[in-house]
J.: 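I'd like to ask some things about the structure below.
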Amino acid sequence: MTRKEKKALKERMKHLRSGKLEKRYDRMGYIFMIPWFLGAALFLAYPLGSSFWYALNNIRITPLGRVFNFVGQGNFTQILIQDPDFLIYLVDYLTSTIISTPIIVVFALIIAMMLNMKIKGKGFFRLIFFLPVIIVSGPILGMLTAEGAGSISAIDTQSLTSAIGSVLPKIIADPIADVFNNMITTLWYSGVQILIFLSGLQKIDKSMYEAAKIDGGSGWECFWKITLPNLKSMILLNTIYTIVFISNNSQNPIINLIEESMFSGTKEKGYGYASAMAWLYSVVVLILVGLFALMLSTRKDQYEKQVKRAKKLRKKEMRNKKRIERRNRRNAKRIERRRAQGKITTHTTHRDEY
């Protein structure tokens, strides 16, 4: 075996070992995902199926149990045509979420960058910003909101609200004014996002900043060229988390409307009507999450594209090389077979090989 053949054999064995290692990692990843799949099948798939079946029925609670009256799409039609409150609340939810989500994410990024600096009492300040996540939840948030602790006084925002109303139409000005009026509550929602951004900032290699500063890069350039590209996945994660949190918040008027419809004693409403309303609301939330994810999805780096293109070309060359080797072996066997049969001479063989 020549030196070139030995080198090719070593590379082939190395490639096989790396492929086996990747397959082993993939198997371990699927094993770790099995508990989540089981939990989703038991505690998510069945409730979703039950709620969708409820949405297709008019359910009445009687002393003998639940009575189902199949109405098909009747609940959905009634919500979209005969229930004006749902559409009004839905429009307010969309506008306020689209406005407040970037505010929360940007605020969390700024605070995370400040907490990542070399300052004294860093752990204390992190506790201050994360403490509302623990305290302000559920009934406590409702009590604080009812007492006016989650909003700025009307004297401070009155001029700002009037200025917004004079420039923008009412359907857009009202949600923007509500965001500024409830600015404190909005900033209370940024504790988890701050921690996620902190974990992302601490994983960035500091040598990148040092190299940029040696080349004369300013802090602003380092932010746009190093910090922000490395936090793209964190920004997407925090955006989706913020939308889901706002959508499921107990202060959301649509959630309160669904609860009121569920426990309503009227003939038209009930569990089926509330389930249909919840499904319509879920579809809107999924569309909103998909739009934000599409806008913030990270594009592949040009270097990665070039590496993948080079790998594809290399695989294609290897396939062509193997095809040529197989063809040469078949030709050699055919020539040897014909020579053994005496059909060709040595001169003819050399001419065929040529």
Side-chain angles (χ1 to χ4, degrees), residues 19-62 64-77 79-80 86 90 93-94 97 101 133-134 137-139 189 191-193 195-196 199-200 233-252 254-264 269-298:
K20 290 181 180 179
L21 188 61
E22 290 179 359
K23 291 181 180 179
R24 186 184 302 172
Y25 285 154
D26 293 339
R27 286 196 297 268
M28 293 301 297
Y30 288 126
I31 291 173
F32 279 107
M33 291 169 64
I34 287 175
W36 186 89
F37 283 121
L38 293 176
L42 293 175
F43 303 107
L44 185 61
Y46 178 74
L48 284 176
S50 299
S51 65
F52 187 74
W53 172 246
Y54 289 170
L56 301 177
N57 291 269
N58 186 5
I59 304 174
R60 304 297 299 169
I61 306 297
T62 64
L64 300 177
R66 294 173 297 179
V67 178
F68 291 83
N69 182 20
F70 184 77
V71 294
Q73 60 182 6
N75 288 327
F76 298 97
T77 305
I79 292 170
L80 296 175
F86 178 75
L90 190 61
Y93 158 77
L94 288 174
T97 303
T101 298
V133 178
I134 303 172
S137 60
Y189 297 157
V192 176
Q193 293 88 325
L195 289 182
I196 294 174
S199 63
S233 59
M234 301 294 179
I235 293 172
L236 177 60
L237 176 62
N238 281 331
T239 302
I240 295 176
Y241 173 82
T242 304
I243 295 173
V244 174
F245 181 80
I246 294 174
S247 303
N248 296 328
N249 190 15
S250 59
Q251 301 299 315
N252 192 339
I254 299 182
I255 300 296
N256 297 327
L257 182 63
I258 294 173
E259 292 179 356
E260 292 176 0
S261 301
M262 182 185 300
F263 299 107
S264 176
K269 297 182 180 181
Y271 281 77
Y273 188 86
S275 298
M277 191 178 293
W279 271 97
L280 288 174
Y281 178 55
S282 301
V283 170
V284 173
V285 173
L286 287 175
I287 293 174
L288 186 62
V289 170
L291 291 176
F292 271 95
L294 187 63
M295 289 188 296
L296 298 174
S297 59
T298 56

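Quick caveat, the model's predicted, so the values are computed rather than measured. This chain uses plain numbering: 1 for the first residue, then up along the sequence. Just so it is clear, the values below take in all heavy atoms, side chains as well, and ignore hydrogens, waters and symmetry mates.
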J.: Going from CG on Leu90 to CD1 on Ile254, what distance comes out if it is rounded to the nearest 0.5 angstrom?
T.: 5.0 Å
J.: Could you point out which residue of Ile79, Leu56, Leu48 forms a side-chain contact (heavy atoms from CB on, under 4.5 Å) with Trp279?
T.: Leu48
J.: Roughly how far, to the nearest 0.5 Å, is the CG atom of Leu288 from the CG atom of Leu94?
T.: 6.0 Å
J.: In Å and rounded to the nearest 0.5 Å, what is the CD1 to OH distance from Ile59 to Tyr273?
T.: 14.5 Å
J.: Look at atom CZ of Phe70 and say whether more than 12 heavy atoms of other residues, nucleotides or ligands are closer to it than 6.0 Å.
T.: yes
J.: Find the distance between CZ (Phe292) and CD1 (Ile243) and round it off to the nearest 0.5 Å.
T.: 4.5 Å
J.: Search all heavy atoms of Leu42 against all heavy atoms of Pro47 and return the closest pair with its distance.
T.: O-CD, 4.2 Å
J.: Looking at Ser261 and Lys269, what are the two nearest heavy atoms and their distance?
T.: O-CB, 3.8 Å
J.: Within this structure, what is the CG-OG1 distance for the pair Asn238 and Thr101, rounded to the nearest 0.5 Å?
T.: 11.0 Å
J.: Just wondering, do Phe86 and Leu280 contact through their side chains at under 4.5 Å, heavy atoms?
T.: yes
J.: Answer whether the closest heavy-atom distance between the side chains of Asn252 and Asn248 falls below 4.5 Å.
T.: no
J.: Any chance you could measure Leu195, atom CG, to Met234, atom CE, to the nearest 0.5 Å?
T.: 11.5 Å
J.: May I have the step-by-step check of side-chain contact (heavy atoms from CB on, under 4.5 Å) for Tyr281 and Leu257, ending in yes or no?
T.: CA-CA 11 Å; Tyr281 178 55; Leu257 182 63; over 6 Å; no
J.: side-chain contact (heavy atoms from CB on, under 4.5 Å) between Trp53 and Ser275: does it pass, once the steps are laid out?
T.: CA-CA 9 Å; Trp53 172 246; Ser275 298; over 6 Å; no
J.: Verify, without hydrogens or angle tests, whether Asn75 (side chain) and Ala55 (backbone) share a donor-acceptor contact under 3.5 angstrom.
T.: yes
